[in-house]
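When a ligand or atom number is given, it counts from 1 through the structure's own listing order.
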Amino acid sequence: MKTGTKIYLDQAATSYPKPEAVYRRADRFAREVGIGNDRGFYRESRRVAEIIDRARAGAAELLNCRGEDIVFTSGATESLNTLILGCLEAGDRVLISPFEHNALTRPLAWLAERRGVTVERMAGSLETGIDLDRLKSSLTRETRICAVNHISNVFGLVAPIEEIGGILKDYPETIFAVDGAQSLGACPVDVEAAGIDFFAFSGHKGLLGPTGTGGFFIREKLVGLVDPLKFGGTGVVAPGEVFIDRLPHKYEVGTQNSWGIAGLRAGLDYLRRETVEAVRRRIDSLTRRAAEGLAGIDGLTLFLPPPDRHHGIVSFNLDGLPPRETASLLDRSFNIKVRDGLHCAPDAHRAAGTFPEGTVRASFGPFNTVEEADLLCRAVGEIAEAFVNPQR
Ligand code: PMP
């Protein structure tokens with residue numbers, strides 16, 4: 001089989017391509033407005049403020065919160081670090097799901113080492129997801145944060161965030177934090193319905209914006225409890241020497257990534273027009289098609305969550321072929337881009353039994369096609385024929 005054009009199936013890392021308007025708006029903004037903040041009294045300054053506010057309103061609409069509760073950052077990593085490094089103290093306990101990304105586990109491990117924070121992992125497996133009964137018994141009044149990865153970036157396992165939010169209603173002192181890096185824009189999210197206190201998102205994945213964009217929703221009651229990660233200029237007259245204890249200035253300091261946010265706004269407009277629900281359905285059908293196609297290949301093991309909790313990602317391995325080899329053959333021989341290894345989430349692999357070798361990961365976005373999903377399956381089939389079953 002020959003494939004000429006590039007087939008990009010690494011949407012879980014960053015979405016590509018973007019809607020045309022994302023490139024156009026970022027380019028136009030850079031040429032016509034160009035500045036980073038609304039610090040001045042000239043008209044371009046007002047334009048920046050307008051564009052950033054509209055992007056804020058767009059993200060807020062997707063999350064069902066107020067625009068003023070949205071803070072822009074460079075991505076989900078910075079957002080999660082802000083929460084973790086900004087509020088945990090010696091002796092605090094944190095309960096996390098078994099499928100967390102290093103963006104959450106690494107700052108936590110650092111705090112465990114340096115500040116004596118205790119990190120506990122919920123019970124669960126790929127087949128069953130998070131064990132909610134065990135979650136209930138693991139929670140205590142001292143649990144400061146309960147953190148859950150909404151959609152696993154390794155397996156596409158969707159966490160039952162509404163049910164977890166329901167359980168956490170009995171623990172008002174516990175911050176319910178959700179890592180939505182893989183979910184916002186790709187499936188509906190409602191921070192009110194799920195009782196979420198902090199929601200970290202990427203702008204460059206499901207929201208279809210440029211790299212270097214992202215943010216978080218933070219419930220107003222937490223603003224006094226979570227210190228900023230960075231300190232600096234806001235352009236707003238500060239009554240205090242250290243920072244302004246108010247959104248978004250407490251967390252948005254220095255020159256903003258305004259080109260990126262202008263592009264992100266176009267991504268949000270696209271989702272508004274097309275609807276997240278339609279995008280979700282499209283991604284779901286591609287994921288199912290790829291999973292079904294790969295399932296028929298001899299010597300291939302699929303690592304699938306239950307079908308009703310599976311979204312966007314298919315992880316697999318070929319017998320006897322290291323994930324890197326498979327990914328490299330897919331690229332070199334078929335121009336198909338997939339990821340290999342641990343995908344920055346070793347815990348998730350431990351929970352699924354794929355540690356330390358990891359998996360090959362194909363991930364889908366709204367611009368992938370049925371033909372591309374089928375070509376992936378054919379290409380993997382050919383690799384399996386050549387390397388896994390060479391006698392046939
Ligand atoms: N959490 C998860 C689940 C992710 O998949 C990623 C990106 N791979 C991140 C956090 C980090 O996101 P960002 O690249 O926006 O910092």
Side-chain angles (χ1 to χ4, degrees), residues 8-16 18 55 59 62 70-85 96-109 121-122 124 126 129-130 145 147-159 161 177-187 189 196 198-217 229-230 251 257 260-261 263-264 267-268 283 287 305 309-315 337-352 358-359 361-365:
Y8 180 79
L9 299 177
D10 195 15
Q11 307 287 352
T14 225
S15 52
Y16 172 87
K18 312 291 181 185
L62 284 187
I70 297 289
V71 170
F72 286 123
T73 64
S74 60
T77 303
E78 186 182 333
S79 301
L80 291 166
N81 274 260
T82 302
L83 174 71
I84 290 159
L85 300 174
I96 66 174
S97 95
F99 301 100
E100 297 304 317
H101 187 274
N102 281 339
L104 183 100
T105 54
R106 285 196 164 152
L108 281 175
R121 280 161 178 78
M122 299 170 199
L126 183 57
I130 295 166
I145 297 178
V148 176
N149 187 349
H150 191 183
I151 300 183
S152 159
N153 63 306
V154 182
F155 303 108
L157 172 69
V158 182
I161 54 169
V178 174
D179 175 354
Q182 295 296 336
S183 65
L184 196 63
C187 71
V189 178
I196 295 167
F198 186 95
F199 187 98
F201 60 87
S202 300
H204 59 102
K205 300 184 198 253
L207 297 186
L208 307 171
T211 51
T213 61
F216 58 84
F217 154 79
L229 203 56
K230 303 179 284 187
Y251 306 107
N257 176 11
I261 295 173
L264 174 61
L268 288 161
I283 296 175
T287 314
R309 277 185 274 155
H310 184 201
H311 181 85
I313 290 165
V314 181
S315 251
K337 318 293 171 182
V338 296
R339 273 293 257 282
D340 68 280
L342 296 176
H343 321 293
C344 303
D347 273 8
H349 288 279
R350 286 191 186 95
T359 56
R361 178 187 77 178
S363 49
F364 299 89

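Between His204 and ligand 1 there is a heavy-atom distance shorter than 4.0 Å.
Here the side chain of His343 pairs no donor or acceptor atom with the backbone of Ala345 at under 3.5 angstrom. Side-chain atoms of Ser79 come within 3.5 Å of backbone atoms of Gly215 as a donor-acceptor pair (strictly under, hydrogens ignored). Of the possible polar contacts, none joining the His311 side chain to the Arg309 backbone as a donor-acceptor pair under 3.5 Å is found.
Looking only at protein heavy atoms, the nearest one to atom 7 (C) of ligand 1 is Lys205 NZ, 2.4 Å. Ranking protein heavy atoms by distance to atom 4 (C) of ligand 1, first place goes to His101 CD2, 3.4 Å.
For ligand 1, the atoms closer than 4.0 angstrom to any heavy atom of Gln182 are 4 (C), 5 (O). Each of the following atoms of ligand 1 lies closer than 4.0 Å to a heavy atom of Thr77: 11 (C), 12 (O), 13 (P), 16 (O). Near Asn149, meaning under 4.0 Å from any of its heavy atoms, are these atoms of ligand 1: 3 (C).
Electrostatic pairing of Arg121 and Glu100 does not count as a salt bridge here, judged by no charged N lying under 4.0 Å from a carboxylate O.
Counting heavy atoms closer than 4.0 Å to ligand 1, residue Asp179 contributes side-chain atoms (C-beta onward) but none from N, CA, C or O. With a 4.0 Å heavy-atom cut-off, ligand 1 is reached by the backbone of Ala76 and by its side chain too.
Using a 4.5 Å cut-off on side-chain heavy atoms (C-beta onward), Lys205 and Gln182 make contact.
Ring pair Tyr16/His204: centre-to-centre distance not below 6.0 Å.
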